Amino acid sequence: MNGFELAYHALMNNTIEEKIKLTQQLYALSVNHQLDYSDAFPIQKTPNPGRPQKPELVRFQSVPRRDSSDLGFINTIHAICHIEFNAINLALDAIYRFQDMPEPFYQDWIQVAFEEAKHFSLLSAYLLKLGYQYGDFDAHDGLWQMTTDTDYDVLARMALVPRVLEARGLDATPKIQKRFKHSNFSHMVDILDIIFKDEINHVKIGNTWFHYLCQQRQVDPLTTFDKLVKKHIGAQLRGPFNIEARKLANFSQQELDYLCHFQK
């Protein structure tokens with residue numbers, strides 16, 4: 001089966017259950033080496049991936065602040081659930097869009113898509129247990145926006161989506177866990193443990209392929225990263241940074257020193 005085509009159909013499916021089912025099928029075929037990447041599949045701009053009608057997508061500034069009330073915590077759970085749903089589409093898009101990479105690249109991102117679907121399912125099930133469901137709160141589209149902004153080059157995608165946006169999760173998760181630990185929603189600590197461990201590997205995968213591409217193109221990783229950050233994000237990266245988690249994700253000491261200057 002054509003791996004690019006199946007990833008595209010999973011990406012563009014609007015039904016959550018079907019998207020997860022197709023992602024699981026993609027993973028099973030990948031593990032059993034039953035996917036073919038020799039035939040190209042037409043690539044096109046994807047301003048909107050497949051997703052349900054809800055949640056309503058609003059500007060980041062319009063998303064209500066999440067306070068420490070029970071509803072505020074539930075809203076936070078929903079926001080994390082939304083991030084994980086977007087991350088499924090993000091991984092699927094990387095598989096489908098960049099069709100001139102080595103086969104291990106696709107195996108890596110299929111694994112990421114599969115694990116993001118697992119994270120989404122855990123969070124969605126917990127929301128249902130609490131009497132809510134995914135789509136009950138407004139959300140923003142920042143993660144997917146960076147996906148479309150970097151669709152012109154796999155190097156830009158690997159530099160900025162896993163190494164900046166997903167890596168923010170490594171920075172933020174321990175603090176979020178502390179908040180949940182002393183709330184009525186302490187089960188979130190266990191869910192976030194699962195997500196955190198997987199996300200370290202997801203960021204590591206991004207690092208691996210970013211450095212592979214830099215070496216292939218004979219460009220300096222740090223200079224290239226800095227140029228892409230300034231082009232797509234601006235002069236500032238948001239800290240503080242979880243240095244220990246980023247070390248586990250294979251950020252080099254030089255890269256960590258670069259990040260630390262944003263905290264001064």
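Values in this document were obtained by computation on a predicted structure and should not be read as measured data. The chain is numbered in sequence order, starting from 1.
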Q. Are D171 and R246 ion-paired here, with the side-chain N under 4.0 Å from a carboxylate O?
A. yes
Q.
Does atom CD (Q216) have a neighbourhood of more than 12 heavy atoms from anything else shown, all under 6.0 Å?
A. yes
**Q.** Heavy-atom closest contact (P47 atom, W144 atom, distance)
**A.** O-NE1, 3.1 Å
Q: For residues Y212 and F105, establish whether the separation of their ring centroids is below 6.0 Å.
A: no
**Q.** Heavy-atom neighbours of Q44 CD exceed 12 at 6.0 Å
**A.** yes
Q: Show the numbers, then the answer: is there a side chain to side chain donor-acceptor pair (under 3.5 Å) between H82 and Y134?
A: CA-CA 8 Å; H82 178 66; Y134 177 58; 2.8 Å; yes
Q) Cation-pi between R157 and F98: NZ/CZ under 6.0 Å from ring centre and within 45° of the ring axis? A) no
Q.
Closer than 4.0 angstrom, basic N to acidic O: yes or no for D193 and K197?
A. no
(Q) For I110, run the side-chain contact (heavy atoms from CB on, under 4.5 Å) check against T23, V31, L26 and tell me which one passes. (A) L26
(Q) Suppose we screen for salt bridge (charged side-chain N to carboxylate O under 4.0 Å, His left out). Which residues come up paired with K45, at least two apart in sequence or across chains? (A) D151
Q | Donor-acceptor contact present, side-chain N207 to main-chain A249, <3.5 Å | A | yes
Q.
Could you report the tightest heavy-atom contact between T147 and D93, atom names first, then the distance?
A. CG2-OD2, 3.9 Å
Q | Contacts of type salt bridge (charged side-chain N to carboxylate O under 4.0 Å, His left out), residue D108, not counting sequence neighbours | A | none
Q: May I ask you to decide if the ring planes of Y8 and F41 are parallel, tilted or perpendicular, using 30° and 60° as cut-offs?
A: tilted
Q: Say whether D36 and N2, considering side chains only, have a donor N or O and an acceptor N or O under 3.5 Å apart.
A: no
Q.
Less than 6.0 angstrom from the centroid, inside 45 degrees of the normal: does R51 satisfy that with respect to the ring of F85?
A. no
**Q.** Side-chain heavy atoms of L130 within contact of I77, under 4.5 Å
**A.** yes
Q: Taking salt bridge (charged side-chain N to carboxylate O under 4.0 Å, His left out) as the test, write out the residues that go with E244, two or more places apart.
A: K247
(Q) Does either side chain, that of Q111 or that of E115, offer a donor lying less than 3.5 Å from an acceptor on the other one? (A) yes
Q: Examine the side chains of R217 and T224 and answer whether a donor and an acceptor come within less than 3.5 Å of each other.
A: no
**Q.** Ring geometry between F73 and F185 (parallel below 30°, tilted from 30 to 60°, perpendicular above 60°)
**A.** tilted
Q.
Is the distance between the ring centroids of H78 and Y132 under 6.0 Å?
A. no
Q | With F4, the ring-ring contact (aromatic ring centres under 6.0 Å, His included) member among W109, Y106, Y96 | A | Y106
(Q) Hydrogens and angles aside, do K19 and N89 bring a side-chain donor and acceptor to less than 3.5 Å of each other? (A) yes
Q. Hey, are E116 and N86 close enough side-chain-wise for a donor-acceptor pair under 3.5 Å?
A. no
Q. Which atom names give the shortest non-hydrogen contact between V161 and L90, and what distance separates them?
A. CG1-CD1, 2.9 Å
Q) With D257, which of Q253, H261, E255 fulfils side-chain contact (heavy atoms from CB on, under 4.5 Å)? A) Q253
(Q) Any salt bridge linking K118 with D198? Criterion: basic side-chain nitrogen under 4.0 Å from a carboxylate oxygen. (A) yes
